**Student:** 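Got a structure for you, written out below as structure tokens; questions coming shortly.
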Amino acid sequence: SLDPNTNPFDLHFATKLPKREVSDSASAKFLVKDEKANTLQDELNRANSENKKLTEMLARVSESYCALHKYLEEFQSRKSPENESFQNEHLTRKRKQDLDEFVSSPIGLGCRTTESISSDKATVSIAYYPADKSDLSLTVKDGYQWRKYGQKITKDNPSPRAYFRCSFSPSCSVKKKVQRSAEDPSFLVATYEGTHNHAGSNAGGSRTVKLDLVQGGLGQVEGKKERGTVREVLMQQMASSLTSDPNFTAALAAAISGRLVEQSRT
Amino acid sequence: STTSALVDELKRVNAENKKLTEMLTLMCDNYNVLKNQLM
């Protein structure tokens, strides 16, 4: 729309040129974009600096935690350990799990390895021992010698829970917890953590039903040494045929874990 | 594209910071539990 007769030397020539609205707004956009990029870059630098500080702090706290944990373990192994309750009382399962996940995470500077965690988990098993209700000793004859190192009352069960270490400790790190069953007080429930690295004394004097938690099924039925009557043999045969039935095994495992109780309530 | 790349990077670093903060909180909690055990 510029008039071809317009004098370019006219002082007002510039005003007669068509307005460059498009290019002006593009330039403004560039400026705004540039400002935004600068702001983002600043924010990114700040976040990166915070990230670095957090990582350093985490490394320091992890080191302190590991040192303290090691110290506590030594303390526990030397002295009789009311501190055992640390694992059971003060740290909830969820938090323990979080912590395990953390120490084995690539960021975490953990003091335990993933292998040790998984191997710990892989060797947890539960055994049930028939016991006289009047017997308050919480000792079970499972073929191994144990040293009791603690006892406590739990919220879910009126009977106390006793803690034992293998008598070969510290060379054998197996531990067990024994408590009278809340569902059936005529049984003692022993939870074993770890596997013995030595032979037992084979002093089993009572019948046990052992559940391997990893397999989730019935492990083995151990009998009395002096089994010999026809009735005993028949009972053993019945037990072994039942345990080979996967439906029975599943039902038993469900009953023990309390699922059947829950189902009957709903 | 630079801006969107910056935004993406910022999101990633912020998410990592959040995770680090959570871990630090958890670690401090557990450290204090251990410390209380020894006191």
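Nothing here was measured: the structure is a model prediction, and the numbers come from that model.
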**Student:** Count the heavy-atom pairs under 4.5 Å between each of B/T21, B/L6, B/N17 and chain A, then report the option with the highest count.
**Tutor:**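 Ranked by contacts with chain A, first place is B/N17.
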
**Student:** Looking only at heavy atoms and a cut-off of under 4.5 Å, which of A/L40, A/D34, A/N48 has the most pairs with chain B?
**Tutor:**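 Ranked by heavy-atom pairs under 4.5 Å with chain B, first place is A/L40.
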
**Student:** Okay, side chain of A/N51, backbone of A/A47: is any donor-acceptor separation there less than 3.5 Å?
**Tutor:** no

**Student:** Identify whether the distance between the nearest side-chain nitrogen and carboxylate oxygen of B/R12 and B/E16 falls below 4.0 Å.
**Tutor:**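 Yes, B/R12 and B/E16 are salt-bridged.
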
**Student:** Below 4.0 angstrom, N of the basic side chain to O of the carboxylate: do A/E43 and A/R46 qualify?
**Tutor:** yes

**Student:** Can you name the nearest heavy-atom pair linking A/S159 to A/Q179, along with the distance?
**Tutor:** O-NE2, 2.8 Å

**Student:** Examine whether an atom of B/T2 lies under 4.5 Å from a heavy atom of chain A, and if so say whether it belongs to the side chain, the backbone or both; otherwise answer neither.
**Tutor:** neither

